Asks: 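Here it is: the structure, laid out below.
What you see is a predicted model; the values in this text were computed from it and never measured. In what follows, chains are A, B, ... by sequence order, proteins preceding strands, each numbered from 1.
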Number of protein chains: 2
Amino acid sequence: MNSSASTKERILTAAEALFAQRGFEGASLRQLTAAAGVNLAAVNYHFGSKDHLVEQVFKRRLDQLNGRRMAALRLIASQPETSLEDVLSAFIRPALDLSHDGGGGLFMRVLARAFAEHDDSLRKFLSENYGHVMRQFTAEFARLLPGLSKEELYWRIDLVTGALTHAMSGFGIIQRKSDVSEVTHREQTAEHLIRFAASGLRAP
Amino acid sequence: MNSSASTKERILTAAEALFAQRGFEGASLRQLTAAAGVNLAAVNYHFGSKDHLVEQVFKRRLDQLNGRRMAALRLIASQPETSLEDVLSAFIRPALDLSHDGGGGLFMRVLARAFAEHDDSLRKFLSENYGHVMRQFTAEFARLLPGLSKEELYWRIDLVTGALTHAMSGFGIIQRKSDVSEVTHREQTAEHLIRFAASGLRAP
DNA sequence: CGTATCCTCAAACGATCGTTTGATTCCATC
DNA sequence: GATGGAATCAAACGATCGTTTGAGGATACG
């Protein structure tokens, strides 16, 4: 499958799916390379080690995700008026879109796993490479919610993050019904998330 | 350590800590039995298999947790008036208390991991044994939020669950400051959670 | 054709995994 | 004190893990 793509890409795609399904430790290189249709040794040849492969799986999608998030934030920041819902939309919709195009639908599950694992090296990697995105959004939230103390703001952003990660990794009872198109379902999901998060952030 | 407790209890306690730290697959029986100070074969002797041990780790804490949740819910249901905050308190505070007494502080991390793993047999176990608790709380939420459609209600409860699990498994930036007592910190955490969740549930 | 470079391959390496075995110790009951 | 089931122990089982090796194939440039 996917025999047209390069070996590296085939490995990354298969790894993403298998990590989402079985976890980082649960997915073996033998399952992984078999699914990708490449030789077992190809992982260590192209990525050096399994740990580096994990990092690259993250890097490929997070570069997409946070690039789009920053672009969306810049777009609304250039406008005269900005609502809390606008900022939340810039934060949430790129993540939902990732589930749609590029086949990155499984990545949010991988991300949820990464949150659950408290692996320090992975957290450091995430913080160093993408911390500035969170800081930018936090500043925007602070501007729009001037009544909140810094501590309260951090708390609520953390709770929003938890709700989004949980929802987007797809535990929810809510499944797309067959009579609703993928695009429509995504739009409804975004609206639910934004409405809930905005109201939670604005709590008295 | 803990040499007074029974072998089974020692294993369960060590397993809980190690599962929280390394995950179900990442924690080996050799690390686990060494930490508990028992023989390697003791796990299979007392629990049959590693999978059964995982189930028992869940059972021990969830019986506590959901027992207290149901008790708290019964208590407020017997009163003439009930607020949304009351129901949320009955849902949240027992989980926070678990972090305090009984040494179950690490269990919420284990639970967060269980959510991240999409293991079907584990989800079935959770649903069969504790599904009635969620159904009870859902009914109470529905009564207090009559304006919400069933679909909207499910959505929002799911988002609340995500926020709570995330917060309680302790990713947050928020750490307890040294000049704040454990009890005070827990109380502040509960208030943040309840205020955010109530406002999110009440979103227009 | 020669050869240099990148890549792929089957096979093996040592380590660690969950589990099982059979002997031994503990301990309540007679 | 003898007996028998419960519990613990060191040792080994086969399986699987991530990684390494060295030979061979593919391709481009001289």
Side-chain angles (χ1 to χ4, degrees), chain A residues 1-60 110 113-114 116-117 119-122 125, chain B residues 1-60 110 113-114 116-117 119-122 125:
Chain A
M1 58 167 71
N2 227 359
S3 59
S4 64
S6 73
T7 297
K8 278 184 86 162
E9 286 295 328
R10 299 234 301 283
I11 291 175
L12 283 170
T13 301
E16 184 173 77
L18 220 53
F19 288 160
Q21 188 185 347
R22 311 234 198 208
F24 304 114
E25 308 222 39
S28 75
L29 292 186
R30 283 169 178 81
Q31 298 172 338
L32 202 158
T33 51
V38 304
N39 186 270
L40 168 62
V43 170
N44 284 279
Y45 177 79
H46 286 284
F47 296 94
S49 70
K50 186 180 180 180
D51 284 340
H52 285 91
L53 170 61
V54 172
E55 275 194 6
Q56 291 306 308
V57 168
F58 275 92
K59 184 165 167 45
R60 182 172 69 153
V110 179
R113 278 187 184 273
E117 326 244 347
D119 185 289
D120 281 337
S121 67
L122 195 54
F125 172 80
Chain B
M1 58 166 73
N2 226 3
S3 59
S4 63
S6 73
T7 297
K8 279 184 86 162
E9 286 295 327
R10 298 232 302 281
I11 291 174
L12 283 171
T13 301
E16 183 173 78
L18 221 53
F19 288 159
Q21 188 184 347
R22 311 233 199 210
F24 305 113
E25 309 223 36
S28 75
L29 292 186
R30 284 170 178 79
Q31 299 171 338
L32 202 158
T33 50
V38 304
N39 188 270
L40 168 62
V43 170
N44 284 280
Y45 178 78
H46 285 285
F47 296 95
S49 70
K50 186 180 180 179
D51 284 340
H52 285 90
L53 171 61
V54 172
E55 276 194 5
Q56 290 306 308
V57 168
F58 276 92
K59 183 164 169 44
R60 183 173 67 153
V110 178
R113 278 187 185 273
E117 325 245 348
D119 185 291
D120 280 338
S121 67
L122 195 54
F125 173 80

Asks: Roughly how many Å is it from NE2 in A:H52 to P in D:dG18, rounded to a whole number?
Replies: 16 Å

Asks: Figure out the NZ/C1' separation between A:K50 and D:dT16, and round it to whole Å.
Replies: 12 Å

Asks: For A:S28, is there any backbone N or O sitting under 3.5 Å from a side-chain donor or acceptor partner on A:K50?
Replies: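 No, because the side chain of A:K50 does not come within donor-acceptor range (under 3.5 Å) of the backbone of A:S28.
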
Asks: Whole angstrom is fine here: how far is it from CD1 in A:I11 over to C1' in D:dG18?
Replies: 14 Å

Asks: Which of the following nucleotides, C:dT19, C:dT8, D:dT19, is nearest to the side chain of A:N39?
Replies: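 Side chain of A:N39 sits closest to C:dT8.
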
Asks: I'd like to check A:K8 versus A:F47 (side-chain heavy atoms, cut-off strictly below 4.5 Å). Are they in contact?
Replies: yes

Asks: Can A:E9 and A:R60 be counted as an ion pair, charged N to O under 4.0 angstrom?
Replies: yes

Asks: For the pair made of NZ in A:K8 and P in C:dT8, what is the distance, rounded to whole Å?
Replies: 11 Å

Asks: For B:F19, is there any backbone N or O sitting under 3.5 Å from a side-chain donor or acceptor partner on B:R113?
Replies: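 Yes; at least one donor-acceptor contact below 3.5 Å.
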
Asks: How close or far is atom P of C:dT8 from atom CG of A:L40, stated in whole angstroms?
Replies: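 My rounded result for the distance is 13 Å.
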
Asks: I need the CG-C1' distance between B:N44 and C:dT20, as an integer number of Å.
Replies: 8 Å

Asks: Please determine whether side chain to side chain contact (heavy atoms under 4.5 Å, CB included) holds for the pair B:L40 and B:L32, giving the CA-CA distance in whole Å, both sets of side-chain angles, and the decisive distance to 0.1 Å.
Replies: CA-CA 8 Å; B:L40 168 62; B:L32 202 158; over 6 Å; no

Asks: Specify the separation, in whole Å, of atom OH of A:Y45 and atom P of C:dC6.
Replies: 7 Å

Asks: With a 4.0 Å limit, can you tell me whether B:T7 has a side-chain N or O closer than that to the phosphate oxygens OP1/OP2 of D:dT8?
Replies: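 For B:T7, the contact criterion (side-chain N or O under 4.0 Å from OP1 or OP2 of D:dT8) is met.
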
Asks: Rounded to whole angstroms, how far apart are CD on B:E25 and P on C:dG18?
Replies: 9 Å

Asks: Here's a test of your reading of the structure: between A:R30 and A:A42, which maps to the more 5' nucleotide of DNA chain C?
Replies: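 On the 5' side of the pair lies A:A42.
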
Asks: Of the nucleotides C:dG18, C:dT8, D:dT19, which has the atom closest to the B:L29 side chain?
Replies: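 That would be C:dG18.
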
Asks: Please pick, from C:dA10, D:dG18, C:dT19, the nucleotide with the shortest atom-to-atom distance to any side-chain atom of A:S28.
Replies: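 Output: D:dG18.
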
Asks: Which one, C:dC9, D:dA12, C:dT21, comes nearest to the side chain of B:A41?
Replies: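 Closest nucleotide to the B:A41 side chain: C:dT21.
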
Asks: Considering only side-chain heavy atoms of A:H46, which listed nucleotide, C:dT19, D:dA10, C:dC7, is closest?
Replies: C:dC7

